[in-house]
Each structure stands twice: as structure tokens, then as C-alpha cells.
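These figures come from a predicted structure and were not determined experimentally. In what follows, residues are counted from 1 in the order of the sequence shown.
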Amino acid sequence: VVLVSIIIGLGITLVLSGIAQLLREEQRVKLFWPYLIWIVLVFVMHIHEWWITYQLKSTLAWRLPTFLFIILYPILLFILANLLFPDSWEKYSRDTKHFYFVIYQNFFGCAILLVVLSVLQNVFLLDLPLTEQIVHFIVLITLAVMLAAKLKSVLAHTIIALFLLLLLIGSLIVERNSLLIQ
């Protein structure tokens, strides 16, 4: 659990450092709302993963294959966080919209892998049936359609980002009792 926390912490560090960089460059960087929403989503996903993983601290026996399977999710989250921010904004004309449309296909591809991995972990580790993972499939289909269509519509990306943000908020509200650590 400590190694998972370290990887999640590194991802959170990337997101927070990226936000701080955007704030430093605030006057010179043009902001794009879907991009900012993705930053929030990835940040909350990191916190959520740490929260869920923390519940595994009481697991007494671990097998290496199971641990490797569990650690893939935080690794993918870290990659998502890394994809969210460029090494230099100058390369992208200090435009988050331009940067977003350069990286969104890799980002969505990684996000799809994250959803698939989440479904697999829910099935094999938590014994959740596929019928209880409707939200996962909605997200998976949404991202896959956007990726396959190679849509560069600002309206489509704004709607998808807002939809996923509302879905995340809704799931946190609905699942609030299962997100309790005692």
C-alpha cells in the first residue's frame, strides 16, 4: 500500500505542480475549459484511488501478481497526470486548447485503459458483476467514440468533460457510504 501511495503522491504532485505553473503563467496562457475540467477529474481520481487503496491496508496476505495488478491503476493515473502538462507552454503558443487537442488522443487512450483496468479489478478482486458497472461502461463508450471519431469539436469536448465531471460528482454522492474508512 505504501508503494501505491507513493505513485499516487507523485501523480498528485504532477497535477498540483502543473496547476501552480498555470497560475504563474496565468496572464500569458489562454485557458480552455475542457482541459481545466480534465485536470480536476484526474486530481479527484488520484484522491479516490488513494482512498480505495487505503482500505487494502488491512489485507494480511498479498501475492505478487495481485499486487502488480493493483498497482497498474495508480501507474496509469500517474501517466494521465504527466500527459496533462507540457514541459514548456511556449511550444504550444501558451494555449491550453492547442495543447489539449495535441494530446487528447493519447490521453483518452490511456483513460480507456484505466476504465478497462478498473472493470477488471472490480470483477476479479471485488467480485462485482458487470451489471453493477454501468457507469464504467458509459465512460468507456463515451471515450471510445470520441477517440474513434477523432472529434476536434470544442462543443463535443466541452460536453464530454462536463458530463464526466457530473458523472464523477454523482457517483461520489451515490457511493458516499461505501467511501467511509473506519
Side-chain angles (χ1 to χ4, degrees), residues 2-54 71-118 135-136 138-173 179:
V2 172
L3 182 57
V4 171
S5 293
I6 290 170
I7 294 169
I8 290 170
L10 289 171
I12 289 171
T13 300
L14 284 172
V15 173
L16 294 178
S17 296
I19 291 169
Q21 181 186 17
L22 281 173
L23 290 173
R24 277 193 305 274
E25 306 262 345
E26 171 193 8
Q27 301 299 324
R28 296 178 286 179
V29 174
K30 289 186 268 178
L31 298 178
F32 181 54
W33 281 105
Y35 171 74
L36 297 176
I37 292 170
W38 274 109
I39 292 171
V40 170
L41 286 169
V42 170
F43 179 75
V44 172
M45 288 166 59
H46 274 81
I47 301 297
H48 184 259
E49 178 61 12
W50 177 84
W51 192 266
I52 297 300
T53 304
Y54 185 78
I71 204 167
L72 283 176
Y73 194 90
I75 289 171
L76 282 172
L77 276 177
F78 174 84
I79 292 169
L80 275 183
N82 201 335
L83 286 173
L84 270 178
F85 301 98
D87 293 332
S88 168
W89 281 109
E90 289 179 18
K91 181 178 176 184
Y92 300 96
S93 305
R94 298 185 188 280
D95 186 353
T96 58
K97 179 180 171 184
H98 173 66
F99 174 72
Y100 173 83
F101 281 112
V102 168
I103 61 115
Y104 93 90
Q105 290 180 315
N106 288 337
F107 187 84
F108 279 25
C110 196
I112 287 169
L113 288 174
L114 204 60
V115 175
V116 169
L117 186 59
S118 179
V135 171
H136 288 78
I138 292 170
V139 172
L140 182 65
I141 291 167
T142 302
L143 292 174
V145 166
M146 290 292 288
L147 190 58
K150 296 183 180 179
L151 285 177
K152 290 200 173 191
S153 161
V154 170
L155 180 62
H157 282 269
T158 302
I159 289 169
I160 294 303
L162 285 171
F163 170 71
L164 293 175
L165 181 62
L166 291 174
L167 204 57
L168 176 68
I169 291 168
S171 70
L172 291 175
I173 292 168
L179 298 175

Atom [atom1] in [X], atom [atom2] in [Y]: separation rounded to 0.5 Å?
X: Leu77; Y: Leu117; atom1: CG; atom2: CG; answer: 9.5 Å
X: His46; Y: Thr13; atom1: NE2; atom2: OG1; answer: 9.0 Å
X: Ser118; Y: Leu72; atom1: OG; atom2: CG; answer: 12.5 Å
X: Leu84; Y: Leu22; atom1: CG; atom2: CG; answer: 10.0 Å
X: Leu83; Y: Phe99; atom1: CG; atom2: CZ; answer: 7.5 Å
X: Ile12; Y: Phe78; atom1: CD1; atom2: CZ; answer: 12.0 Å

May I ask you to test the [X]-[Y] pair for a side-chain heavy-atom distance under 4.5 Å?
X: Leu164; Y: Leu168; value: no
X: Leu114; Y: Met45; value: yes
X: Thr53; Y: Ser5; value: no
X: Leu36; Y: Thr96; value: no
X: Trp38; Y: His157; value: no
X: Phe163; Y: Ile138; value: yes

Subject >> Main-chain N/O of Lys152 paired with Tyr104 side-chain donor or acceptor, under 3.5 Å >> reply: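 A pair under 3.5 Å: no.
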Subject >> ring-ring contact (aromatic ring centres under 6.0 Å, His included) involving Phe32 - partner list, sequence neighbours excluded >> reply: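 For Phe32, the residues satisfying ring-ring contact (aromatic ring centres under 6.0 Å, His included) (neighbours in sequence not counted) are Tyr100, Phe101.
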**OP:** Under the ring-ring contact (aromatic ring centres under 6.0 Å, His included) rule, collect the residues that match up with Phe85, sequence neighbours excluded.
**Re:**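 Phe85 satisfies ring-ring contact (aromatic ring centres under 6.0 Å, His included) with no residue once adjacent residues are dropped.
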Closest heavy-atom pair and its distance - [X], [Y]:
X: Ile8; Y: Pro74; result: CG1-CB, 3.9 Å
X: Leu80; Y: Ala111; result: CD2-N, 4.0 Å
X: Gly11; Y: Ala81; result: O-CB, 3.6 Å

**OP:** Take Leu10 and Ile6, measure what side chain to side chain contact (heavy atoms under 4.5 Å, CB included) needs, and give me the verdict at the end.
**Re:** CA-CA 6 Å; Leu10 289 171; Ile6 290 170; 4.3 Å; yes
Original post:
side chain to side chain contact (heavy atoms under 4.5 Å, CB included) between Phe107 and Val42: does it pass, once the steps are laid out?
Top reply: CA-CA 11 Å; Phe107 187 84; Val42 170; 3.7 Å; yes
Ignoring hydrogens and angles, write down the donor-acceptor pairs under 3.5 Å from the side chains of residues 87-95, residues two or more places apart or on other chains.
unit_1, atom_1, unit_2, atom_2, d
Ser88, OG, Glu90, N, 3.2
Glu90, OE2, Arg94, NH2, 3.0
Arg94, NH1, Glu25, OE1, 2.2
Asp95, OD1, Lys97, N, 3.0

Subject >> Listed partners of Arg24 passing salt bridge (charged side-chain N to carboxylate O under 4.0 Å, His left out), at least two apart >> reply: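 If we apply the salt bridge (charged side-chain N to carboxylate O under 4.0 Å, His left out) test to Arg24, skipping adjacent residues, there are no hits.
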Original post:
side-chain contact (heavy atoms from CB on, under 4.5 Å) with Leu23: which residues, sequence neighbours excluded?
Top reply: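 Leu23 satisfies side-chain contact (heavy atoms from CB on, under 4.5 Å) with Ile19 only.
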**OP:** Report the residues that fulfil side-chain contact (heavy atoms from CB on, under 4.5 Å) with Leu165, sequence neighbours left out, ordered by chain and then residue number.
**Re:**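 For Leu165, the residues satisfying side-chain contact (heavy atoms from CB on, under 4.5 Å) (neighbours in sequence not counted) are Ile37, Val40, Leu41, Ile169.
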Original post:
Should Leu172 and Val44 be marked as a side chain to side chain contact (heavy atoms under 4.5 Å, CB included) after you check the CA-CA gap, both sets of side-chain angles, and the distance that decides it?
Top reply: CA-CA 10 Å; Leu172 291 175; Val44 172; 4.1 Å; yes
